[in-house]
Student: 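The following block contains the structure, expressed as structure tokens.
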Amino acid sequence: MQLPETEPVASMTEQECWDRLSGVALGRLATSIDSRPDIFPVNFVVQRRTILIRTAEGAKLVGVSINPWVAFEADDHDVMRGWSIVVHGHATVLDSVADIALAEKAQVLPWTATSKTRFIRIDATRISGRHFAFGAEPDSTLDLG
């Protein structure tokens, strides 16, 4: 999407958000336990308008098991423009054979040579995104007199 020259920031439609998310593989999962937030870089795919994360046992699984309400963010940029998308939703640790089989079809491939046999699926309750055109701050003068 081309941004008008006069608009350095523009909101995305829900469809644009899902389309952009489908084109990247690295995001950040934010969890909170006992009012203590944490954030994790994760590799992911979009599957049927959900976020699917493959992970190992550990803090992410514990976090979403205790408090399934999460935030997820992904972005991308080049030298001229960028975008950022935030998803709020409900996370589920997949445990049924059918859910795991569907998740494996998405081919969320681990980036590191570690065993990652668990899946987390985020069902979005809200998604929002913005495009950014990079450039200098507009010239402004403050009248201090």
Side-chain angles (χ1 to χ4, degrees), residues 1-94 99-144:
M1 172 185 175
Q2 290 285 61
L3 293 174
E5 293 294 322
T6 58
E7 297 294 327
V9 180
S11 295
M12 290 186 213
T13 66
E14 184 176 330
Q15 184 61 50
E16 285 177 298
C17 290
W18 287 114
D19 290 346
R20 290 283 183 169
L21 285 176
S22 295
V24 295
L26 181 65
R28 284 156 291 284
L29 173 67
T31 63
S32 180
I33 301 173
D34 292 331
S35 300
R36 292 180 167 216
D38 211 343
I39 193 159
F40 304 93
V42 294
N43 56 311
F44 75 98
V45 297
V46 171
Q47 186 181 53
R48 298 181 179 178
R49 286 194 171 213
T50 66
I51 305 295
L52 185 62
I53 299 165
R54 184 174 182 162
T55 190
E57 298 290 336
K60 290 183 284 289
L61 286 178
V62 171
V64 301
S65 295
I66 292 172
N67 180 1
W69 296 104
V70 298
F72 176 85
E73 191 270 345
D75 54 49
D76 199 10
H77 71 281
D78 61 25
V79 296
M80 298 296 292
R81 58 189 75 245
W83 57 265
S84 178
I85 296 167
V86 176
V87 176
H88 292 92
H90 186 267
T92 305
V93 178
L94 303 185
D99 286 343
I100 292 169
L102 180 62
E104 286 177 344
K105 287 181 182 179
Q107 297 195 16
V108 187
L109 303 174
W111 284 17
T112 58
T114 58
S115 180
K116 294 186 175 160
T117 60
R118 305 298 303 270
F119 292 95
I120 297 169
R121 184 177 305 281
I122 303 171
D123 291 301
T125 56
R126 185 175 68 203
I127 185 168
S128 62
R130 298 186 298 167
H131 293 278
F132 306 99
F134 301 145
E137 182 178 10
D139 187 29
S140 63
T141 59
L142 295 176
D143 184 7
L144 300 177

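These numbers were taken from a predicted model, which means no experiment stands behind them.
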Student: Going by heavy atoms in the side chains, are V87 and L21 under 4.5 Å from each other?
Tutor: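 V87 vs L21: side chains touch.
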Student: Show the numbers, then the answer: is there a side chain to side chain contact (heavy atoms under 4.5 Å, CB included) between T13 and W18?
Tutor: CA-CA 9 Å; T13 66; W18 287 114; over 6 Å; no
Student: Enter the distance from E73:CD to S128:OG here, rounded to the nearest 0.5 Å.
Tutor: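 If I round to the nearest 0.5 Å, the distance is 10.0 Å.
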Student: Given side chains that start at C-beta, do those of E16 and H131 come closer than 4.5 Å, heavy atoms only?
Tutor: yes
Student: Between T31 and N67, is there a side-chain heavy-atom distance shorter than 4.5 Å?
Tutor: no
Student: Could you tell me the separation between the CG atom of L52 and the OG1 atom of T92, rounded to the nearest 0.5 Å?
Tutor: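 It comes to 11.0 Å.
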Student: Are the side chains of F119 and R54 in touch, meaning some heavy atoms are under 4.5 Å apart?
Tutor: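 Of all side-chain heavy-atom pairs linking R54 with F119, at least one is under 4.5 Å.
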Student: For a 4.5 angstrom cut-off between non-hydrogen side-chain atoms, does V70 reach V64?
Tutor: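 Result yes, sub-4.5 Å side-chain heavy-atom pair found.
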Student: Compare all side-chain heavy atoms of R20 with those of D76 and state whether any distance is below 4.5 angstrom.
Tutor: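 Not in contact.
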Student: Measure across S65 and V93 and return the closest heavy-atom pair with its distance rounded to 0.1 Å.
Tutor: OG-CG2, 3.8 Å
Student: Closest heavy-atom contact between V24 and A74?
Tutor: CG2-CB, 4.3 Å
Student: Could you pull out the closest heavy-atom pair between F72 and I122, with the gap in Å?
Tutor: CB-CD1, 4.0 Å
Student: Atom CZ in R118, atom CD1 in I53: separation rounded to 0.5 Å?
Tutor: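 Spacing of CZ (R118) from CD1 (I53) equals 13.5 Å.
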Student: Could you pull out the closest heavy-atom pair between V45 and Q107, with the gap in Å?
Tutor: CG1-O, 4.4 Å
Student: Would you please name every residue forming a salt bridge (Lys or Arg N to Asp or Glu O under 4.0 Å) with R121, sequence neighbours left out?
Tutor: none
Student: Nearest 0.5 Å please: distance from the SG atom of C17 over to the CZ atom of R130.
Tutor: 11.0 Å
Student: Mind checking what makes salt bridge (Lys or Arg N to Asp or Glu O under 4.0 Å) contact with R49, not counting sequence neighbours?
Tutor: E14
Student: Please list, chain by chain and in numerical order, all residues satisfying side-chain hydrogen bond (donor to acceptor under 3.5 Å, both in side chains) with H90, sequence neighbours excluded.
Tutor: none
Student: Using a distance-only test with no angle check, is there a side-chain donor-acceptor pair under 3.5 angstrom linking S115 and T117?
Tutor: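 Absent: no donor and acceptor within the cut-off.
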Student: Under 6.0 Å from the CD atom of Q15, do we count more than 12 heavy atoms belonging to anything else shown?
Tutor: yes
Student: Between R28 and D75, does any side-chain N to carboxylate O distance fall below 4.0 Å?
Tutor: yes
Student: Decide yes or no for H77 and F134: does some side-chain heavy atom of the first lie under 4.5 Å from some side-chain heavy atom of the second?
Tutor: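 With C-beta onward as the side chain, the pair touches.
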Student: Give me the atom names and distance for the closest heavy-atom approach of A103 to L94.
Tutor: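 Residues A103 and L94, closest heavy atoms: CB-CD1, 3.7 Å.
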Student: So which heavy atom on A56 is nearest to which on K116, and how close?
Tutor: N-CG, 3.9 Å
Student: Counting C-beta onward and ignoring hydrogens, is there a side-chain heavy-atom pair between L61 and I120 closer than 4.5 Å?
Tutor: yes
Student: Is there a donor-acceptor contact under 3.5 Å from the side chain of N43 to the main chain of L109?
Tutor: yes
